[in-house]
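Heavy atoms only: backbone and side chains are in, while hydrogens, waters and symmetry mates are out.
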Amino acid sequence: MVIQIAEVLDTTVNVLLGEEIPSSEEPDFIKTLAAKLEVLNEQYSKQDERRRKILRMVFAVILIVSVASLIRYLIFFTSIYQMKNIGDASASTSVTVIGGSDVPAHISIWYYLSVMKPVLISVLAAITSVVGLCRTRKN
């Protein structure tokens, strides 16, 4: 019960029992505690700095890969568009019907989403990496 009373009163059991603590011991204890806390603080700051640098490298690599992927898709789509126009140079527009002789086949929107899925993923990865780079920059 004395221990609980000492905790509530924010003091030691020795003080509650009437024992005097020499005043010369308190500063040494506080200095030792401050030194230990300083060492811990340095270790935590080094660990946080290391983690921040690693995250920045990861975000930079993701950004580079996603931008390269977007450039590749851009080149791929423009080359397909140019190849489509090579076949009929005289016509201003071309219409292609896919299907049998009786009815054209319907291409679902899911086909276009499946074609555009890598582009969407690359754009999302680029946006995420830019946000990550901004949030992990050194203040």
Side-chain angles (χ1 to χ4, degrees):
M1 185 185 270
V2 176
I3 295 172
Q4 292 174 352
I5 293 172
E7 287 176 0
V8 169
L9 295 175
D10 195 28
T11 187
T12 63
V13 175
N14 293 340
V15 172
L16 286 177
L17 295 176
E19 295 179 18
E20 290 293 324
I21 298 176
S23 61
S24 63
E25 291 181 18
E26 283 187 36
D28 291 338
F29 174 72
I30 292 173
K31 288 178 185 177
T32 304
L33 184 62
K36 288 179 181 179
L37 289 174
E38 186 177 336
V39 169
L40 285 174
N41 193 18
E42 284 182 34
Q43 289 175 350
Y44 285 135
S45 67
K46 286 179 183 178
Q47 185 180 18
D48 286 342
E49 182 68 20
R50 193 176 325 123
R51 185 180 299 130
R52 185 189 66 80
K53 286 181 180 180
I54 290 171
L55 282 174
R56 283 191 65 82
M57 283 190 276
V58 168
F59 285 132
V61 167
I62 291 172
L63 180 64
I64 291 169
V65 169
S66 61
V67 168
S69 176
L70 286 172
I71 290 171
R72 185 188 74 157
Y73 287 122
L74 180 66
I75 292 171
F76 175 71
F77 287 134
T78 56
S79 66
I80 288 177
Y81 178 74
Q82 289 172 353
M83 290 174 66
K84 180 180 159 186
N85 290 338
I86 289 174
D88 191 12
S90 62
S92 60
T93 60
S94 62
V95 176
T96 304
V97 176
I98 300 173
S101 60
D102 53 348
V103 292
H106 296 283
I107 299 175
S108 172
I109 191 72
W110 295 111
Y111 171 76
Y112 294 111
L113 286 178
S114 68
V115 170
M116 296 301 289
K117 192 185 312 181
V119 175
L120 293 175
I121 291 172
S122 296
V123 167
L124 287 176
I127 291 171
T128 303
S129 61
V130 167
V131 169
L133 285 171
C134 290
R135 290 189 61 118
T136 58
R137 72 176 182 264
K138 194 170 187 176
N139 294 332

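Contact check for Arg56 versus Arg137: side-chain heavy atoms found under the 4.5 Å cut-off. Inter-residue side-chain proximity for Thr128 and Ile62 is flagged as unmet; no heavy-atom pair is nearer than 4.5 Å.
Cluster membership for Val130 and Leu55, using ILVMFWY side-chain heavy atoms within less than 4.5 angstrom, is shared. Placement of Val61 and Ile64 in two distinct hydrophobic clusters is found when ILVMFWY residues are connected by side-chain heavy-atom separations under 4.5 Å, directly or transitively. Leu124 and Tyr73 end up in different hydrophobic clusters when Ile, Leu, Val, Met, Phe, Trp and Tyr side chains are linked at under 4.5 Å. Met57 and Val65 are not part of a single hydrophobic cluster, where members link through side-chain heavy atoms under 4.5 Å apart.
Looking at Leu40, Thr32, Val39 one by one, the single match for side chain to side chain contact (heavy atoms under 4.5 Å, CB included) with Lys36 turns out to be Thr32.
Other residues, nucleotides and ligands contribute only 12 or fewer heavy atoms inside 6.0 Å of the CD atom of Gln4. Within a 6.0 Å sphere centred on CD1 of Ile3, other residues, nucleotides and ligands contribute 12 heavy atoms or fewer.
Taking CG of Asn41 as the reference point, atom CD of Glu38 lies at 8.0 Å (rounded to 0.5 Å). With rounding to the nearest 0.5 angstrom, the CD atom of Gln43 is 9.0 Å from the CD atom of Gln47. Atom CG in Leu70 sits 11.0 Å away from atom CD1 in Ile75 (nearest 0.5 Å).
The pair Glu49-Arg52 meets the salt-bridge criterion, with a side-chain N (NZ, NE, NH1 or NH2) lying under 4.0 Å from an Asp/Glu carboxylate O.
Closest of all the heavy-atom pairs between Ala126 and Ser129 is O-OG, 2.8 Å. Residues Ser122 and Ser66 share a closest heavy-atom pair of O-CB, 3.4 Å.
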